[in-house]
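Accompanying notes for the structure given below.
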Amino acid sequence: VGQYGAAAASFARTLDILDRTGSRWSRADCLVYAASNTALAGDVEGGIGQAREALGIAIELGARYVEANARVALATTLLARGAERDLGAAEDEAAHAVQVARAAELVVPEIVALSRQAQAASRRGGVERAVVLSRRAVELLEEQRYLEGSEEAIFASHADVLASAGDPAAETFRERARLGLERKLARITDPEWRRSFALEITL
């Protein structure tokens, strides 16, 4: 809901507990979500560092679920930094995340990874490839009917990819994203949370 400072404080407390208890799997899992929050709060470099740390721990432990999500988080933060070399690295990480998720039969991470891969491919000029990847993400989401995170982000990303290809269906998916966010806003009762979440709706 856009409460990045409060989220950062909670992540910091959680990571401190996990450090003291030596819970490395849980630390890596926490770092995945912390990385996204850190980047959204404006510290993209910090988010990239947290995502890389999470990925390193996950690979060492053989934790495929955390690895897939960590690669998605790294792809997301690299996209946020957005330099040309970052886009290539983001596409590679997302593609690897798709492979890991698919091998482990983890549909939700695969959906998000496909969407991130499509974003990176589109921004690098690979529009046709991006459309194929993004359509697959949406197809899986329609079958799954659940996403840990934001379904609206997948629809909005798909809209951007379709728009880059000149497909008029882009507006349909942008509207789906907008309506989904408005439904979520309507269910938030805390006034401060409503205010910050409303500021996040930029579609």
For Q99, all residues meeting side chain to side chain contact (heavy atoms under 4.5 Å, CB included), sequence neighbours excluded = H96

ask   = For A165, what residues pass the side chain to side chain contact (heavy atoms under 4.5 Å, CB included) criterion, not counting sequence neighbours?
value =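 Side chain to side chain contact (heavy atoms under 4.5 Å, CB included) check on A165 returns V127, V131.
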
key: More than 12 heavy atoms of other groups within 6.0 Å of E143 CD   =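 Enclosed.
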
ask   = Is it the case that more than 12 heavy atoms not belonging to E192 sit under 6.0 Å from its CD atom?
value =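 Counting other residues, nucleotides and ligands, CD of E192 exceeds 12 neighbours.
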
Side chains of [X] and [Y], heavy atoms from C-beta outward: is any pair under 4.5 Å?
{"X": "E128", "Y": "V132", "result": "no"}
{"X": "T77", "Y": "R81", "result": "no"}
{"X": "R174", "Y": "D160", "result": "yes"}
{"X": "D86", "Y": "L79", "result": "no"}
{"X": "R102", "Y": "V107", "result": "no"}

Could you tell me which non-hydrogen atom of [X] sits nearest to which non-hydrogen atom of [Y], and how far apart they are?
{"X": "G2", "Y": "E200", "answer": "CA-CG, 4.0 Å"}
{"X": "A153", "Y": "S150", "answer": "N-OG, 3.0 Å"}
{"X": "A68", "Y": "A97", "answer": "O-CB, 3.7 Å"}
{"X": "A177", "Y": "A156", "answer": "CB-N, 3.9 Å"}
{"X": "A58", "Y": "A28", "answer": "N-CB, 4.5 Å"}
{"X": "G82", "Y": "R123", "answer": "CA-NH2, 3.6 Å"}

Same apolar cluster: [X] and [Y], side chain cutoff 4.5 Å:
{"X": "I111", "Y": "V100", "answer": "no"}
{"X": "L162", "Y": "I154", "answer": "yes"}
{"X": "V98", "Y": "V108", "answer": "yes"}
{"X": "V1", "Y": "L40", "answer": "no"}
{"X": "L78", "Y": "L114", "answer": "no"}

ask   = For D167, what residues pass the salt bridge (Lys or Arg N to Asp or Glu O under 4.0 Å) criterion, not counting sequence neighbours?
value =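 Testing D167 for salt bridge (Lys or Arg N to Asp or Glu O under 4.0 Å), a comparison that skips the adjacent residues, returns R135.
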
request  = Identify, with sequence neighbours excluded, every residue that meets salt bridge (Lys or Arg N to Asp or Glu O under 4.0 Å) alongside R194.
outcome  =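 R194: no salt bridge (Lys or Arg N to Asp or Glu O under 4.0 Å) contacts found.
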
What residues, two or more places apart in sequence or in another chain, satisfy side chain to side chain donor-acceptor pair (under 3.5 Å) together with [X]?
{"X": "D43", "value": "none"}
{"X": "Q3", "value": "S196"}
{"X": "E84", "value": "none"}
{"X": "E91", "value": "R124, R129"}

Short side-chain to backbone donor-acceptor contact, [X] and [Y], under 3.5 Å:
{"X": "N37", "Y": "A7", "answer": "no"}
{"X": "S23", "Y": "S26", "answer": "no"}
{"X": "S122", "Y": "A118", "answer": "no"}

How long is the straight-line distance from [atom2] of [Y] back to [atom1] of [X], given to the nearest 0.5 Å?
{"X": "L55", "Y": "R71", "atom1": "CG", "atom2": "CZ", "result": "4.5 Å"}
{"X": "L133", "Y": "S115", "atom1": "CG", "atom2": "OG", "result": "9.5 Å"}
{"X": "W193", "Y": "I188", "atom1": "CH2", "atom2": "CD1", "result": "8.0 Å"}
{"X": "D92", "Y": "L74", "atom1": "CG", "atom2": "CG", "result": "10.5 Å"}
{"X": "L179", "Y": "E175", "atom1": "CG", "atom2": "CD", "result": "4.0 Å"}
{"X": "R116", "Y": "S134", "atom1": "CZ", "atom2": "OG", "result": "11.0 Å"}

query = Do E142 and R136 meet the salt-bridge criterion of a basic N to acidic O distance under 4.0 Å?
reply = no

task = Indicate yes or no: does K184 engage E152 in a salt bridge with an N to O separation below 4.0 Å.
result = yes

ask   = With a cutoff of under 4.5 Å between side-chain heavy atoms, which Ile, Leu, Val, Met, Phe, Trp and Tyr residues group with L15?
value = F11, W25, L31, V32, Y33, I57, L61, Y65, V66, L106

remark   = For residues 50-61, the side-chain hydrogen bond (donor to acceptor under 3.5 Å, both in side chains) pairs (sequence neighbours left out) are R24-E60, R27-E53, T38-Q50

note = For F155, the ring pair (Phe, Tyr, Trp, His ring centres under 6.0 Å) test, sequence neighbours excluded, returns none

Summary of salt bridge (Lys or Arg N to Asp or Glu O under 4.0 Å) pairs that have at least one residue in residues 28-41, sequence neighbours excluded =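 Every pair satisfying salt bridge (Lys or Arg N to Asp or Glu O under 4.0 Å) with a residue in residues 28-41: there are none.
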
